[in-house]
Amino acid sequence: MEETLRSLQQEAIEKVNEAQDLKALNDVRVAYLGKKGPVTEALKGMGKLSAEERPKMGALANEVRGAITETIEAKQAILEKEAVEKKLQSETIDVTLPGRPVKSGNHHPLTMIVEEIEDLFIGMGYTIAEGPEVEKDYYNFEALNLPKGHPARDMQDSFYISEETLLRTHTSPVQARTMELADGKGPIKIICPGKVYRRDTDDATHSHQFTQIEGLVVDEHIRMSDLKGTLNVFAKKMFGEDREIRLRPSFFPFTEPSVEMDISCKICGGEGCRVCKGTGWIEILGAGMVHPNVLEMAGFDSSKYSGFAFGMGPERIAMLKYGIDDIRHYYTNDTRFLKQFSEKE
Ligand code: DAH
């Protein structure tokens, strides 16, 4: 038995030395030290030995097992180190290779123009207000002095969801909501950017969904000259200090008096060209003094408070500013179009 054990030790150590990788080494471990391996088998035969020999052989068997284990562990450490080194070598990074440029995106031109307009008004002390796109008929129309039966409420123009709800057709309902929340107390100074929806057939200048920015100021002693001064600052900051503005009388149910604002045409300098249709002026937005009915419906005392409001379409403003000729470019997201705005940020 002693011989068997010694030769097993010898044999196992040779096999360990021959093992080239961790898998082969593990095979040796299983073969010699496993439950069905020869060392275990040899130990099972101990019963047949005399009482005198048994402890001697037991000690020897343990010694053999220990020696084999030790050799395996030593070899394992060597093989593991080798494996790591091999891996490191195969994975070396060639830092001299030229890098691949990472393509970065840019803001959408509409986002840029909306943020530019927001910043401009924030600079004049305004805060931003928002409202729901699925709006109550009351805020979209009624609270803005557009009673039931008014032509602007035509089913042809609006996407109704139910009798009393629709996709808002403008951002003006945010005016009504903000005033209502103010509980009859000024001042209010807000701009409200957001999406609006109309039943229009899409073409170069129309879209069933587009963006608007609404402005509202309510306080004591707000006059038409405040509106004009504000719009003048806006136009010059947005389109250039050399631009003139012109207010034309107009009509909106929620303002009285109502105006439309034009800016002088940059292309022809006022001479008249194709862009301004020969007039020298380009229409930019609608505005006016908040109608007393609108103030009263929202809980404001119209003998004490007055206000002005304006509404504009950022799509149109960016089209004029950047010379974009088709509103659909904004929504089709062709990167050849979008990329052109990256340096303008
Ligand atoms: N809501 C109007 C529209 O969609 C735009 C507008 C005009 C808003 C005059 C105003 C305003 O606040 O005073 O055409």
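Note that ligands are numbered from 1 as they come in the structure, with each ligand's atoms numbered from 1 the same way. The analysis underlying the following values was restricted to heavy atoms, covering all of them including side chains, and did not include hydrogens, waters or symmetry mates.
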Next on the checklist: Check the orientation of Phe141 and His170. Use parallel for under 30°, tilted for 30 to 60°, and perpendicular for over 60°.
Outcome noted: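 Judged by the thresholds at 30° and 60°, the geometry between Phe141 and His170 is tilted.
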
Checklist entry - Parallel, tilted or perpendicular for Phe341 and Phe337, by the 30°/60° rule? => result perpendicular

Element-labelled atoms of ligand 1 that are located less than 4.0 Å from some non-hydrogen atom of [X]:
{"X": "Gly288", "value": "13 (O)"}
{"X": "Ser172", "value": "1 (N), 8 (C)"}
{"X": "Gln212", "value": "3 (C), 4 (O)"}
{"X": "Thr255", "value": "13 (O)"}
{"X": "Phe252", "value": "7 (C), 9 (C)"}
{"X": "Phe310", "value": "8 (C), 10 (C), 11 (C), 12 (O), 13 (O)"}
{"X": "Ala287", "value": "9 (C), 11 (C), 13 (O)"}

Checklist outcome for this item: Nearest heavy-atom contact between Met312 and Pro314 is O-CD, 3.5 Å

Checklist entry - Looking only at heavy atoms of Phe254, does any of them come nearer than 4.0 Å to an atom of ligand 1? => result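 Yes, that is the case, since the closest heavy atom of the residue is under 4.0 Å from the ligand.
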
Checklist entry - Does a donor on one side chain and an acceptor on the other come within less than 3.5 Å for Glu80 and Gln76? => result yes

Next on the checklist: Before we go on, tell me: are the rings of Tyr197 and Phe159 under 6.0 Å apart, centre to centre?
Outcome noted: no

Next on the checklist: Can you confirm whether or not the ring centre of Tyr331 sits under 6.0 Å from the ring centre of His108?
Outcome noted: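 No, the ring of Tyr331 stays outside the 6.0 Å limit from the ring of His108, centre to centre.
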
Checklist entry - Just going by heavy-atom distances, which of Ser258, Ala309, Gly311 is nearest to atom 13 (O) of ligand 1? => result Ala309

Checklist entry - Where the closest heavy atom to atom 10 (C) of ligand 1 is concerned, which of Glu214, Glu256, Glu260 has it? => result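 It is Glu214 that holds the nearest heavy atom.
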
Next on the checklist: Taking 4.0 Å as the limit for heavy-atom contacts, which would you say applies to Arg198 with ligand 1: side chain only, backbone only, both, or neither?
Outcome noted: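 Only the side chain of Arg198 comes within reach of ligand 1.
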
Checklist entry - Under 3.5 Å, N or O to N or O, is Gln175 touching ligand 1 that way? => result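 Checking ligand 1 against Gln175, an N or O pair does fall under 3.5 Å apart.
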
Checklist entry - Is the closest side-chain heavy-atom distance between Glu315 and Thr211 below 4.5 Å? => result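 Yes, side chains in contact.
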
